Amino acid sequence: MCGIVGFTGQVQAAPILLEGLRRLEYRGYDSAGVAVQHGGAIEMVKASGTVERLAEKTAGGASLPGECGIAHTRWATHGAPTDTNAHPHLSGDGRFAVVHNGIIENYAALRAELLSEGYAFASETDTEVVAHLLEHYYDGNLKRAVMRTAARLEGSYVLGVLCADEPGRLFCVKEAGPLILGLGVGENYFASDVTALVGRTKNVIYLEDGEMAELTPENISVYDRTGREISKSVSHVVWDIEAAEKGGYEHFMMKEIMEQPRAVKSTIEPRLRNGRIELEGFELTAEEFSRFSRIVITACGSAYHAGMVGKYVIESLCRVPVETDLASELRYRDPIVGPDTLLIVVSQSGETADTIAALRECKARGAYVLAIVNVVGSTIARLADSVLYTHAGPEIAVATTKGYTTQLAALYLFAVWAAEKLGRIDDARYNELIAELDALPARVQRAIDLNLHVQYLAERWHEQRAMFFIGRNIDYAAALEGSLKLKEISYIHSEAYAAGELKHGTIALIDEKRLVVALCCQTALFDKMVSNIQEVKARGAKVLGLAPEGDRRIFAEADDVLFAPRGEPLFAAVSEMVPLQLFAYYVARENGCDIDKPRNLAKSVTVE
Ligand code: AGP
C-alpha cells in the first residue's frame, strides 16, 4: 500500500515525480523520497512525513536536476517511517536506486546472504535487498540484472528501478500489486495508479503479474516473465484530472460524499434499458446462473459491509442462500466452495491483498467469480470471470463513501436481475424495484438535503469517548459501516451491534457517557428499535436516532435525529449512509483530524 512513480523524458523529472506522489499520497503517507539521474550518478532526497515535506526539501523538485527518475510515498511495513527507511533505496555502490510497493517475504534470507557476501545495509526495510541484488547481478545488461533480481524475490513486489549507468532508461516490475504505464510524447511514465498519470497522459497500459517494462523517453517495451517482448493494448482513460482534484471542497471526503448522487446514477443508469436491467460484464446466461446452489460474498472493510447489505437483499429477492465472509478469513478457511458456488468479490480499489487471495483460493476450487470493483483494469477485475464496474470515478479519501454506496447500487442491480431471471419475482415487483433503482440518485441527494444540521450535531457530540451504532436487519449492516466511518477518521472508539444482541452482554457498557446511534429505517422493525432505544436510555445513554423522513415518532424517543428519505426498505442503506458519513466527517473535523489521510491507514491495503 505504497505509491511508486517513474518518469523519463526531456524535461526536469523531479517536479513531475512530486506531482505524481501527491496524487498517490492516499496510498501511504508516512515518508517519501525521490531519486534522479544526473551527471552519471544518482541524486536522491528522502523525508519522513508527507510529500509536502519532501517538496520543501527539494524546492518543489527544482533542486534536483535530471530528466529521468523514480519516486515513492510510503506506508511502512518493515522499519519505522524515518528518512533512512524511506524509499528509494540505493545499492552499496550508489549505481542503483529502487522503489517498491509490497512485501518481499524472503527478504531475511536474502539479507543474510548479501551480508555474508559483504554487502552493508543502511535501512531496516525489506526493499533494500533489491538494490543490492541489482548491483550483484549487473554485468552491463540492466534487463538481465532486473530479471535475475526479480527471480530471487518471493511475495509481492512492484518495483521501479533506476541505474546511473543507463541514462534515460527505467525498468519496472509487476508482481501482486498495481502498476500502470503512461505513454507520453517524448516522455513515458509508470505509476501505482492512473491518478498519478492522467495529468500528463490518458493513454495507459495495465501490466499483469510477472510482466516488466523498459522505458525510455521515446519507447516502452514490455516483457513477460521469460524476458520475451510482448505486445500490450493501450487503454484510454475517460475521466479528467479534475476528477482527482478537491474541486473547492476542504477535503476529498466531503467532495466524494457530495458526488454520490452522480456516482450512484452513473452506476445504475447504464444498466437500465427500456425498463429492463442489463448487466453488461456479467457473462453468465440465466440458465448458467440458475446452476449455483449458493452465493458467497467476500471483501474487506467497507466493501465487506456492502456485501452484508447485499446478503439481505439477494436472499430476500432471490431466495438463494448467501454467505458473507471476510476475505482475510476466507482465504485461510479451506473454503467449501466449488462449481456450484458464485463468489461475489467486492472491492473499490481492486487491489486489496486479502480479497485477491480469497478470490484466487475460491477460483482454484471451481467457484465462478463475479467482481464488483471501481478501478478499471485492477487486479481483481482481471482475475474475475465477470466484472460489474461501479462508476464512482476516482476515490481519493481513504475513508470510502461513494465507493461504498456504488457497491450497494451494483449489488442491488445484481439482486433484482437475478431474482427476475430465477423467476422469484413477478413483473409487477420487477418493475417496482426498477423504479426504485431509478429513483436512488435523487434519494441520495435528498439525504444530503435533509441533513444540513449534522454539522451542529457533531459540535454537540464530538467529545464523546465512545459511541455505539445499533440496528436490525439491513440497518445492522449499515450500522457497521456508519461505525467504521466514525472511528477511522475521528479516532473515537465505536462499535456496531445488532440491536437485539445488545442485551446479551454489551449493554453492560452503556451508561450516561455513551452516545448510541440508532438506525430505525427498516420500518417493519421500528417498534423493536424503539424498545432498544428505551433499553439504552434507561441506562443513561443519549440517543441519536436515524429514521425515515417524516416519521415523527423518533422525536419522542431520541435526543437528536437524522433523517433518510423514504423508499424501498431493501435499498435503504444507500441513502441512510449519507447522514452517517456526514456525522463522521464533521465529528472528525471538530476534532482536528486529518480527514483524507487518517493515521495508520492507506487507501488500498495491498499487503496482508
Ligand atoms: C473504508 O473506509 C476503508 N478505507 C477500508 O475499510 C476499505 O473499505 C477496505 O480496505 C477495502 O478496500 P477495497 O474496497 O479497495 O478492497
Side-chain angles (χ1 to χ4, degrees), residues 1 3 25-29 75 176-178 192-193 195 251-254 256-257 260 263 267 297-310 324-331 343-360 369 371-381 383-384 387-390 392-411 477-478 480-491 494 496 577 580-581 583-585 588 593-608:
M1 56 188 92
E25 207 169 9
Y26 66 86
R27 300 178 56 85
Y29 33 85
W75 186 89
S192 301
D193 190 313
T195 49
H251 298 102
F252 277 112
M253 184 176 175
M254 180 54 84
E256 290 155 8
I257 289 171
Q260 290 183 115
T267 300
I297 302 177
T298 193
C300 299
S302 292
Y304 175 72
H305 300 152
M308 284 187 68
V309 173
T324 56
D325 215 329
L326 288 168
S328 55
E329 288 294 307
L330 179 61
R331 66 181 291 188
L343 180 78
I344 299 179
V345 176
V346 185
S347 174
Q348 190 282 132
S349 65
E351 300 298 345
T352 301
D354 286 323
T355 310
I356 291 170
L359 185 163
R360 290 183 191 277
V369 180
I372 293 177
V373 293
N374 191 44
V375 177
V376 174
S378 57
T379 300
I380 288 174
L383 289 173
V387 184
L388 269 185
Y389 279 114
T390 54
E395 186 176 65
I396 308 301
V398 167
T400 186
T401 50
K402 63 179 183 176
Y404 168 83
T405 48
T406 52
Q407 286 163 358
L408 292 184
L411 285 161
L480 287 164
E481 177 57 13
S483 171
L484 177 61
K485 278 293 104 19
L486 179 85
K487 56 187 158 184
E488 69 176 326
I489 64 172
S490 73
Y491 314 148
S494 158
M577 196 48 58
L580 299 181
Q581 293 165 349
F583 181 68
Y585 174 86
C593 298
D594 186 341
I595 289 173
D596 285 337
K597 300 193 296 265
R599 67 185 183 196
N600 308 338
L601 296 183
K603 182 64 180 172
S604 179
V605 184
T606 56
V607 293
E608 277 202 55

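All ligand and atom numbering here is 1-based and tracks the order in the structure. Treat the numbers as computed from the prediction; the structure is a model and nothing was measured.
Judged purely by atom type and a 3.5 angstrom limit, Glu256 uses its side chain to pair as donor or acceptor with the backbone of Ala397.
Residue-level proximity to ligand 1 for Thr352 is carried by the side chain, the only part with a heavy atom below 4.0 angstrom.
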Stepwise, does the side-chain contact (heavy atoms from CB on, under 4.5 Å) test hold for Leu580 with Glu481?
CA-CA 9 Å; Leu580 299 181; Glu481 177 57 13; over 6 Å; no
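Those atoms of ligand 1 that come under 4.0 Å of a heavy atom in Glu488, given as number and element, are 1 (C), 2 (O), 3 (C), 4 (N). Near Ala303, meaning under 4.0 Å from any of its heavy atoms, are these atoms of ligand 1: 8 (O), 14 (O). Per-residue contacts place Ala399 under 4.0 angstrom from the following atoms of ligand 1 (heavy atoms of the residue considered): 2 (O). Within the listing of ligand 1, atoms 6 (O) sit less than 4.0 angstrom from a heavy atom of Gly301.
Counting heavy atoms from C-beta outward, Thr355 and Arg331 have side chains that stay 4.5 Å or more apart. Leu411 has its side chain within reach of Ile344: a pair of non-hydrogen atoms, C-beta onward, lies under 4.5 Å apart.
Not a single heavy atom of His305 lies less than 4.0 angstrom from ligand 1.
Between the side chains of Asn374 and Thr390, at least one donor-acceptor pair of N or O atoms lies under 3.5 Å.
The N/O atoms of Gly350, backbone and side chain alike, include none that comes under 3.5 Å of an N/O atom in ligand 1. Checked against a 3.5 angstrom limit, the closest N/O atoms of Lys603 and ligand 1 fall outside it. No N or O atom of Thr355 sits closer than 3.5 Å to an N or O atom of ligand 1. Looking at Glu481 next to ligand 1, no N or O pair under 3.5 Å apart turns up.
Looking only at protein heavy atoms, the nearest one to atom 9 (C) of ligand 1 is Cys300 O, 3.7 Å.
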